[in-house]
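Report on one structure; see the data block that follows.
The sequence lines fix the lettering, A, B, ..., with proteins before strands; numbering per chain opens at 1.
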2 protein chains.
Amino acid sequence: MRCTDCPIRYRAVCAHCEGEELSNLEEMKFYRTYEAGQPIVWEGDRMDFVGSVVTGVASLTQTLEDGRTQMVGLLLPSDFLGRPGRDQAAYNATAATKVVLCCFRRKPFDQMMRATPHLAHRLLEMTLDELDAAREWMLLLGRKTAREKIASFISIIARRQAALHKRQPGGRMVLELPLTREAMADYLGLTIETVSRQITALKRDGVIELEGKRGVILPDFARLVEESGDDSDGGLPA
Amino acid sequence: MRCTDCPIRYRAVCAHCEGEELSNLEEMKFYRTYEAGQPIVWEGDRMDFVGSVVTGVASLTQTLEDGRTQMVGLLLPSDFLGRPGRDQAAYNATAATKVVLCCFRRKPFDQMMRATPHLAHRLLEMTLDELDAAREWMLLLGRKTAREKIASFISIIARRQAALHKRQPGGRMVLELPLTREAMADYLGLTIETVSRQITALKRDGVIELEGKRGVILPDFARLVEESGDDSDGGLPA
DNA sequence: CGATTCCTTGACCCTCATCAAATCACGTGG
DNA sequence: CCACGTGATTTGATGAGGGTCAAGGAATCG
């Protein structure tokens, strides 16, 4: 695929690159595809590339020795995987759905980072956004009830899906959960049974409707947000 | 104070700046001091500066409408406060102890960021480290028991204190908790009662000894780490 | 010595985890 | 087409961990 046709051309790490810079990137890039459930890299693995999620959803997880697992990152299209200057993976990365990754060989990418302020700035911007998201997530993990966690998660997915279509979230919405119940549990710091029960409860209360296992219909987005415990006024702009 | 005498000279955002760059920074900087408990900025406030913690400890917190509070950042000496390019505070920042802040006016700092790759690179590096720390924290919030949370927190403080003195943590250690029980509860996603009970329990079990309210003695650092639920093998290097 | 603030301890209960089983969705081969 | 197996999800019964409410210490400051 040529960069000019890329669906994440103006949102990924390459967003501000043009002309020669873009062709430099184009030269060091290659694509990889992973099926849903496949591991991408494992904690401690040597990682000779970094890259962007082009399509699909991937997760970053950490585990304790006894197997307790916490998701610590959810990578959607345009999100960046890997840390420049570090050649060992710090987390397990897994494809949650089918994933297409636009990879850059690490060496030349690191070099280009040093030489290209554009690139470093864009990555800084993205990393700061990710840090904000992580902090929102910490509030969820530390202080929200199971019901609020589920409502928050669905509303996050709804927002991102709306953003993909360049819309404001609101009113009636139809969406597809990109995660299994187990992955949702790992995201939210819950068990899969609690996830299932709270989804059932939200359905019983008319906040959501279900369409198969992954499909969710929101009769009223605002109603869901009320259930999420968040301030209704939306917080800061990005 | 002159930058050359600064205790965080080679760890803060200015670490890689020399010569003219350093004197540029020196010109736009000024110091502020806050007493323990004082607010530094409030979420939504206009923020006309960014800066580094020189001495002391500050916290970033988020709250839900009903008052539930979660700490989302713990700023130690050399840590950076504020986001370049954003003029509204996204979090509440509070001095946990007496804090000295080295502030830079935002406008000239943003400008210098654009012009000085050094600075942007350093900030990227620091932000990536902070993201790693946030992800470790998410694992704690989502999956650890109250006892493990307390043990983890004390071990984090022990590690950082050791790092300040350029030592490896280990063996017998004496330390000072920089947070009240309430702030610890907000850090860990617990109530202050549970914090208190678990500290008592760790003391009863000989994992820690107490010296007043804030003083903690570790007879054996490794023993504490065992209680924290973390892999003993220390994880990745920074 | 009160007054205030921070911390500890106790009693009780609720949310969510655990263990177990039933149900559902789907693909496979007879 | 249907029995069967497999993995994901739901549902149920039970209990423990940690929250809530309330009271009692301890340290600090006037």
Is a side-chain donor-acceptor pair under 3.5 Å present for T33(A) with K98(A)?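 No, T33(A) and K98(A) have no side-chain donor paired with an acceptor closer than 3.5 Å.
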When you check the side-chain N and O atoms of S152(A) and S155(A), is any donor under 3.5 Å from an acceptor?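 The criterion, which ignores hydrogens and geometry beyond distance, is not satisfied for S155(A) and S152(A).
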Using a 4.0 Å heavy-atom cut-off, does T180(B) contact any base of the nucleic acid, only the sugar-phosphate backbone, or nothing at all? sugar-phosphate
Take the protein atom [atom1] of [X] and the nucleotide atom [atom2] of [N], then report the distance between them rounded to whole Å.
X       : N       : atom1 : atom2 : answer
M184(A) : dA8(D)  : CE    : C1'   : 14 Å
L177(A) : dT10(D) : CG    : P     : 10 Å
E182(A) : dG7(D)  : CD    : P     : 13 Å
L210(A) : dT11(D) : CG    : C1'   : 15 Å

Is E209(A) atom CD crowded by more than 12 heavy atoms from other residues, nucleotides or ligands, each under 6.0 Å away?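 Buried by this count: over 12 neighbours within 6.0 Å.
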Sugar-phosphate atoms are those with a prime plus P, OP1 and OP2; base atoms are the rest. Using that split, label each nucleotide of nucleotides 16-30 of chain D B, S or - for protein heavy atoms under 4.0 Å, 5' to 3'. --SSBB---------
Going by the rule side chain to side chain contact (heavy atoms under 4.5 Å, CB included), which residues pair with T63(A) if we only count those two or more places apart in sequence or in a different chain? T69(A), N92(A)
Any side-chain heavy atom of L101(A) within less than 4.5 Å of one from F49(A)? yes
Just say parallel, tilted or perpendicular for the rings of Y187(B) and W137(B), cut-offs at 30° and 60°. parallel
Under 4.0 Å from a heavy atom of chain A: give me the 5'-most and 3'-most nucleotides of DNA chain C that qualify.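 Range of nucleotides touched by chain A: dC16(C) to dA25(C).
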For K203(A) versus L210(A), what's the shortest heavy-atom pair and its separation?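 In this case the closest contact between K203(A) and L210(A) is CD-CD1, 3.7 Å.
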Before accepting this row, confirm whether a basic side-chain N of the pair R83(B)/D129(A) lies closer than 4.0 Å to the acidic partner's carboxylate O. yes
